[in-house]
Peer 1: 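Here it is, the structure in full.
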Amino acid sequence: MPSLLHRPGEVGLPYEDVSFPSMDGVPLDGLFIPADSDRLVVHNHFLPGNRCGYPGQLPQFGGLGGFEVNFLPEFKALHDAGYNILAYDLRNFGLSGAANGDTVGIGLLEYRDVVGSVRYAKSRPDTAAMDTGGRDRVVRLAYVVGGHVGGPYVLPTCG
């Protein structure tokens with residue numbers, strides 16, 4: 001998906017565009033929505049979506065549901081509940097870099113992006129102290145591919 005159809009500012013959320021490398025160096029683009037708390041959601045999207053959803057209602061994206069998925073209402077609810085949000089495009093989607101010959105690994109390759117997102121969260125001064133082990137303050141929220149990506153591959157390699 002070459003572009004994003006929505007931005008958090010549309011629902012009144014402050015945000016910053018961010019970029020960081022995956023575990024294997026693929027450039028990943030995303031956004032960070034700050035909140036006044038020590039809680040963080042790392043948001044993974046489903047395939048073939050991106051960090052903001054999926055424009056399935058547009059003819060060029062037809063054949064995969066025919067309806068739009070928009071994550072902005074979810075981001076607003078999470079932010080209003082006090083969560084910082086890091087959402088990003090997996091490799092080969094949205095504005096992130098191409099990798100593996102544009103092959104989608106359904107988690108076998110994309111776990112490297114999740115590891116990169118957790119490492120990025122640990123490197124930010126405003127999120128570094130948050131527990132990225134997923135026990136108390138950090139939630140890894142994933143859709144479809146996330147069940148494959150966020151499981152056994154990620155936790156041993158977050159470092």
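Computed from a predicted structure; not experimentally measured. The figures that follow rest on heavy atoms only: side chains count, while hydrogens, waters and symmetry mates do not.
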Peer 1: Just do the side-chain contact (heavy atoms from CB on, under 4.5 Å) check on Tyr15 and Ile85 with the steps written out, would you?
Peer 2: CA-CA 9 Å; Tyr15 73 98; Ile85 302 162; over 6 Å; no

Peer 1: Taking all atoms of both residues into account, what is the closest heavy-atom pair of Pro14 and Pro34, and its distance?
Peer 2: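 Scanning both residues completely, I find the closest heavy atoms to be O-CD, 3.4 Å.
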
Peer 1: What distance separates Leu28 CG from Asp89 CG, expressed to the nearest 0.5 Å?
Peer 2: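 Result: 8.5 Å between the selected atoms.
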
Peer 1: Does the gap between the ring centers of His43 and Phe75 come in under 6.0 Å?
Peer 2: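 Centroid separation for His43 and Phe75: below 6.0 Å.
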
Peer 1: For Phe71 and His6, what are the C-alpha separation, side-chain angles and deciding distance, and is it a side-chain contact (heavy atoms from CB on, under 4.5 Å)?
Peer 2: CA-CA 9 Å; Phe71 291 140; His6 297 287; over 6 Å; no

Peer 1: Please report the C-alpha distance between Asp24 and Val115 in whole Å, then the side-chain angles of each, then the deciding distance to 0.1 Å, and finally whether the side-chain contact (heavy atoms from CB on, under 4.5 Å) criterion is met.
Peer 2: CA-CA 9 Å; Asp24 59 347; Val115 171; over 6 Å; no

Peer 1: Would Arg124 pass as a cation-pi partner of Phe32, given that its NZ or CZ must be under 6.0 Å from the six-membered ring centre and within 45 degrees of the axis?
Peer 2: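 Cation-pi check for Arg124 and Phe32: passes.
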
Peer 1: Locate the shortest heavy-atom distance separating Cys52 from Leu31; write the atom from each residue and the value.
Peer 2: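 Nearest heavy atoms, Cys52 then Leu31: SG-CD2, 4.1 Å.
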
Peer 1: Rounded to the nearest 0.5 Å, how far apart are CZ of Arg7 and CD of Glu10?
Peer 2: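 Between atom CZ of Arg7 and atom CD of Glu10 there are 9.5 Å.
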
Peer 1: Would you say Asn84's side chain and Ser37's backbone share a donor-acceptor pair under 3.5 angstrom?
Peer 2: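 Confirmed, Asn84 side chain pairs with Ser37 backbone.
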
Peer 1: Has the side chain of Arg119 got a donor or acceptor atom that lies under 3.5 Å from a matching backbone atom of Pro21?
Peer 2: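 Answer holds: no.
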
Peer 1: Kindly compute the distance separating CZ (Arg112) from OG (Ser117), expressed to the nearest 0.5 Å.
Peer 2: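 Arg112 atom CZ to Ser117 atom OG measures 14.5 Å (nearest 0.5 Å).
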
Peer 1: Show your working on side-chain contact (heavy atoms from CB on, under 4.5 Å) between Lys122 and Thr127 and close with a plain yes or no.
Peer 2: CA-CA 6 Å; Lys122 286 182 175 186; Thr127 59; over 6 Å; no

Peer 1: Looking at Asp113 and Ser22, would you say the former's side chain and the latter's main chain have a donor-acceptor pair under 3.5 Å?
Peer 2: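 Answer holds: no.
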
Peer 1: For the residue pair Asn50 / Tyr88, report whether a side-chain donor-acceptor contact shorter than 3.5 Å exists.
Peer 2: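 No pair is found: no donor N or O on one side chain lies under 3.5 Å from an acceptor on the other.
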
Peer 1: Please report the interatomic distance CG(Leu40) to CG(Asp126), rounded to the nearest 0.5 Å.
Peer 2: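 It comes to 9.0 Å.
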
